S.K.: 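If you scroll down you'll find the structure; I have some questions about it.
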Amino acid sequence: MPELPEVETYRRDILRHFTGKILEHAYLGREKSSNISCSGFEKTLSGKRLTGIKRFGKMLSFDFEDDISALVHLMVSGRYVISNERKLPDKSIQVAFWFEGDESLLIRYLFLGFCRIYKTSELERCDEIRKLGIDPTSLDFSLKYFDKYLDSKKSSIKSLLLDQSFLSGIGNIYADEILFQAGISPQRKVSNLSNNERSRLYKAIIDQLRLGLKTRGATIQSYADIYGNPGGFQDNIKVHSKMGGACVNCKSEIVKIRVGGRGTYYCPNCQK
DNA sequence: CCCAAAGCCTGAAGGC
DNA sequence: TGCCTTCAGGCTTTGG
Ligand SMILES: [Zn+2]
């Protein structure tokens with residue numbers, strides 16, 4: 001699943017290849033994946049120069065000249081792929097950006113995801129972005145902010161970590177690893193976390209996301225970078241998707257439960 | 001063949 | 001009653 005580190009890795013790689021280049025032809029394979037018709041999509045974007053790419057949580061905004069942006073959410077399974085082929089894409093490709101030069105950018109397996117067109121100047125007013133909380137890798141993410149927000153909530157800590165209106169970009173994999181590093185059970189209510197636990201959690205959020213970025217993301221089932229290479233974070237994963245395995249700390253069995261409707265992996269012995 | 005899984009939205013239902 | 005939080009269903013496709 002592409003979460004903050006994976007999406008940021010995509011952003012950096014794509015930026016290096018395509019900023020400043022003209023999008024000669026855009027392609028949208030499925031109308032439902034956008035807020036505009038397929039022909040409108042192609043007409044709006046074709047011929048425009050890519051000026052930059054911004055990340056909002058797990059989304060990327062491809063900003064073009066003339067106040068046009070394409071906002072992409074990969075959701076569960078979407079992947080960006082760089083390609084040297086100019087031929088019409090197969091059915092697994094929902095979006096194609098053929099840039100000037102030899103290289104093109106494809107989006108494949110965008111099942112539940114989208115690529116929507118907005119005016120760049122109005123981007124931050126759209127629902128998808130307005131609802132997002134702060135970015136946990138930004139300087140705005142202080143212990144003070146974290147603490148204050150926790151005070152106002154009653155849900156379980158796992159649910160809160162996944163709440164994009166609190167922190168944007170954390171998904172199921174990193175949430176489980178953050179809680180393992182902090183030694184806190186996913187079921188704990190945020191209201192009764194001690195100060196010490198809160199600061200451990202704060203540190204774990206920063207550490208795990210930073211490690212995710214450094215290792216270029218987690219490949220558990222399907223993630224690959226634009227070149228098709230897997231990330232390296234999975235080698236650091238201690239609990240997520242490891243049910244039945246032995247905890248690296250205490251050799252207890254990792255268990256899988258449901259918290260807030262989401263599959264959740266943890267060590268009941270190390271995480272209290 | 002059917003169910004589960006993923007992230008996120010919506011609307012309904014439940015708690016204090 | 002109002003505010004929050006949780007839950008169920010839908011979207012889409014793959015894989016067990
Ligand atoms: Zn353990």
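Just so it is clear: chains get the letters A, B, ... in the order the sequence lines come, proteins before strands, and each one is counted from 1. Being a predicted model, the structure only gives us computed values, none of them experimental.
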S.K.: Among B:dC8, C:dT5, C:dT12, which nucleotide sits nearest the side chain of A:K153?
M.R.: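 Comparing B:dC8, C:dT5, C:dT12 against the side chain of A:K153, the answer is C:dT5.
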S.K.: Between A:D135 and A:S168, is any side-chain donor less than 3.5 angstrom from a side-chain acceptor?
M.R.: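 No, no side-chain donor-acceptor pair sits under 3.5 Å.
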S.K.: Of all the choices, C:dT12, B:dA6, B:dC9, which nucleotide is nearest to the side chain of A:M1 once you look at every atom?
M.R.: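 Closest nucleotide among those given: B:dA6.
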S.K.: Would you mind reading off the distance between A:Y265 atom OH and B:dA6 atom P, rounded to a whole angstrom?
M.R.: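 Value for this atom pair: 6 Å.
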S.K.: Contact class for A:Q221 vs. all strands (heavy atom < 4.0 Å): base, sugar-phosphate, or nothing?
M.R.: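 No contact.
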S.K.: Identify whether any heavy atom of A:K256 sits under 4.0 Å from a base atom; if not, whether one sits that close to sugar-phosphate; answer base, sugar-phosphate or nothing.
M.R.: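 Result for A:K256 = sugar-phosphate.
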S.K.: Return the value, rounded to whole Å, for the distance between atom CD of A:E31 and atom P of C:dT12.
M.R.: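 My rounded result for the distance is 13 Å.
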S.K.: Looking only at the aromatic ring of each residue, does the gap between the centers of A:F180 and A:Y265 stay below 6.0 angstrom?
M.R.: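 No, ring centres 6.0 Å or more apart.
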S.K.: Do A:R79 and A:D225 meet the salt-bridge criterion of a basic N to acidic O distance under 4.0 Å?
M.R.: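 Salt bridge between A:D225 and A:R79, a charged N being under 4.0 Å from a carboxylate O: no.
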S.K.: What is the separation between atom CG on A:D151 and atom C1' on C:dC4, rounded to the nearest whole Å?
M.R.: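 My rounded result for the distance is 16 Å.
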S.K.: Tell me whether A:D176 is salt-bridged to A:K238, with the criterion being a basic N under 4.0 Å from an acidic carboxylate O.
M.R.: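 Salt bridge: no.
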S.K.: Select base, sugar-phosphate, or nothing to describe what A:S155 touches, counting heavy atoms under 4.0 Å on all strands.
M.R.: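 Counting heavy atoms under 4.0 Å across all strands, the contact made by A:S155 is with sugar-phosphate only.
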S.K.: Applying a 4.0 Å non-hydrogen cut-off, can you work out what A:R108 is touching in the nucleic acid: base, sugar-phosphate, or nothing?
M.R.: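 Nothing: the residue A:R108, judged by heavy atoms under 4.0 Å, touches no strand.
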